[in-house]
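What follows is a short report on a single structure.
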Amino acid sequence: MTPLTLNHTINAYYHANYLLRFVAIVTMAHNNSVLKLRKQQLLLSTRVFNARGSKVIRCEQCLLPATNCICASKPIVNSHSAFCFIMYTGECYKPSNTGRIIADVISDNYAYVWDRTQPDPNMLALLQNPRYAPIVVFPQQYAEAERCISSPLQLESVQEGKIPLFVMLDGTWREAKKMFKSPYLTKLAVLGIQPAQGSGYQLREAAHLHQLCTAEVAIEVLKLAKDHTAAEALSRYFDLFRQAYIVGKPHLSFNAPTK
């Protein structure tokens, strides 16, 4: 081997190791629990999940068509909030699910499949974790008045330094109402939001006027938590996701958000 070839080999080796370390650091620094749950559920599934557009070649991370991948634009932000996604069966499979987008931005995130009779013990342990102040995000007309708060900052536990853990019930409106009745959620504070305008999501039809998708709700609760940098980063990333998704939907046109 000539000195030139040897140097080239050494440089290639160190370059490859640098890339591996870089990927490892990024992976360790930011776990997307929704993607992790999706992979676990796919391994357990006894049949192939075929959603609309299942024949499209997708990026394994953002789940957008590979030609419209947005992974290079994933923001890195510091946030003082955490999210727990309780997902109805099959929800984590859907490329249009926006819980995954939240988990891309907020590094402290957890995801579990809802089970009416056998809740995940890790989820129950998380809701009891003394580091967190769990808050169910849900319309307040379905909760007792004493459970309702207008801001996470109202909670004494948050004022004392606990991290607000926003519990998001991820599914259709009918599914979310079923999950809200889960016994382990009945004692938790409930945070509702009052959107000033309807959803700009476009990829799914809302059951009610002014009903927002999961990412849009998360943006609003982050604002209420005074987590403004994270809210702004999520808002920009969500708009990018919508725009990239709609490119492959000729019957839809991208509506830019109104500020």
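Model, not experiment: these values are computed from the prediction. As a basis for the values below, the full set of heavy atoms in this structure was taken, side chains included, without hydrogen atoms, waters or symmetry mates.
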Any V247 side-chain heavy atom under 4.5 Å of T67 side chain = no
OG on S33 to CD1 on I106, rounded to 0.5 Å | 11.5 Å
Kindly say whether the aromatic ring centers of W173 and Y142 come within a distance under 6.0 Å.
-> yes
First locate atom CG of L127, then atom OH of Y110, and finally report the distance between them rounded to the nearest 0.5 Å.
-> 11.0 Å
What is the distance from atom OG1 of T98 to atom CD of E216, rounded to the nearest 0.5 Å?
-> 7.5 Å
Would the number of heavy atoms belonging to other residues, nucleotides or ligands and lying under 6.0 Å from CD1 of I76 be above 12?
-> no
Got a sec: does the CD of E60 have more than 12 other heavy atoms crowding it under 6.0 Å?
-> no
Is a side-chain N or O of S182 found less than 3.5 angstrom from the main chain of Y184, in a donor-acceptor match?
-> no
Indicate yes or no: does K223 engage E220 in a salt bridge with an N to O separation below 4.0 Å.
-> yes
Donor-acceptor contact below 3.5 Å, side chain H80 vs main chain P164 = no
Got D108 and Y132 here, is their nearest side-chain heavy-atom distance under 4.5 Å?
-> yes
Taking the side chain from Y93 and the backbone from Q41, do they hold a donor-acceptor pair closer than 3.5 Å?
-> yes
Determine whether L37 and Y112 make a side-chain contact, defined as any pair of heavy atoms from C-beta on separated by less than 4.5 Å.
-> no
F241 vs C62 side-chain heavy atoms within contact, under 4.5 Å | no
Under 4.0 Å between a Lys/Arg side-chain N and an Asp/Glu carboxylate O for D239 and R236?
-> no
Indicate whether any N or O donor in one side chain lies under 3.5 Å from an N or O acceptor in the other, for Y237 and D104.
-> yes
Ignoring hydrogens and angles, tell me if any N or O in the side chain of Q159 forms a donor-acceptor pair with the backbone of L153 under 3.5 Å.
-> yes
Audit row: V137, V167, side chain to side chain contact (heavy atoms under 4.5 Å, CB included) steps and yes/no | CA-CA 6 Å; V137 180; V167 179; over 6 Å; no
Closest heavy-atom pair and its distance - P130, K162 | O-CE, 3.0 Å
Take atom CD of E156 as the centre, draw a 6.0 Å sphere, and report whether it contains more than 12 heavy atoms from other residues, nucleotides or ligands.
-> no
For the residue pair I135 and L155, establish whether any side-chain heavy-atom pair is separated by less than 4.5 Å.
-> yes
Nearest 0.5 Å please: distance from the CZ atom of F138 over to the CG atom of L188.
-> 13.5 Å
Do the side chain of Q128 and the main chain of L124 share a donor and acceptor less than 3.5 angstrom apart?
-> no
Are any side-chain N or O atoms of T172 and backbone N or O atoms of E175, one a donor and one an acceptor, separated by less than 3.5 Å?
-> yes
Roughly how far, to the nearest 0.5 Å, is the CG atom of L64 from the CD1 atom of I57?
-> 14.0 Å
Separation between SG of C92 and CG of L35, rounded to the nearest 0.5 Å | 9.5 Å
Report yes or no: does N109 contribute a side-chain atom to a donor-acceptor pair with the main-chain N or O of S107 at less than 3.5 Å?
-> yes
Spell out, yes or no, whether I163 and V136 are grouped together once hydrophobic residues are joined by side-chain heavy atoms under 4.5 Å, including indirect joins.
-> yes
Output, in order, the C-alpha distance, side-chain angles, deciding distance and verdict of side chain to side chain contact (heavy atoms under 4.5 Å, CB included) for F83 and M168.
-> CA-CA 7 Å; F83 282 85; M168 313 292 281; 3.7 Å; yes
Could you tell me which non-hydrogen atom of V105 sits nearest to which non-hydrogen atom of P75, and how far apart they are?
-> CG2-CG, 3.7 Å
Identify which one of I86, T89, D170, L169 satisfies the side chain to side chain contact (heavy atoms under 4.5 Å, CB included) criterion when paired with W114.
-> I86
Of all heavy-atom pairs linking L234 and A218, the shortest is CD2-CB, 3.8 Å
Just wondering, do L126 and L165 contact through their side chains at under 4.5 Å, heavy atoms?
-> yes
At their closest point, which heavy atom of F180 faces which heavy atom of A143, and how far apart are they?
-> CZ-CB, 4.0 Å
Do the side chain of Q243 and the main chain of L240 share a donor and acceptor less than 3.5 angstrom apart?
-> no
Indicate the atoms forming the closest heavy-atom contact of F238 with C213, along with that distance.
-> CZ-SG, 3.6 Å
Which atom names give the shortest non-hydrogen contact between A244 and I70, and what distance separates them?
-> CB-CG2, 3.8 Å
Answer yes or no: is there a donor N or O on one side and an acceptor on the other, between the side chain of R100 and the main chain of N97, under 3.5 Å?
-> yes
Please test N78 against T229 for side chain to side chain contact (heavy atoms under 4.5 Å, CB included), starting from the C-alpha separation and ending with a verdict.
-> CA-CA 8 Å; N78 290 320; T229 301; over 6 Å; no
Are the side chain of R38 and the backbone N or O of E91 linked by a donor-acceptor pair below 3.5 Å?
-> no
Would you please test V221 and I193 for side chain to side chain contact (heavy atoms under 4.5 Å, CB included) and show each step?
-> CA-CA 7 Å; V221 299; I193 61 169; 4.0 Å; yes
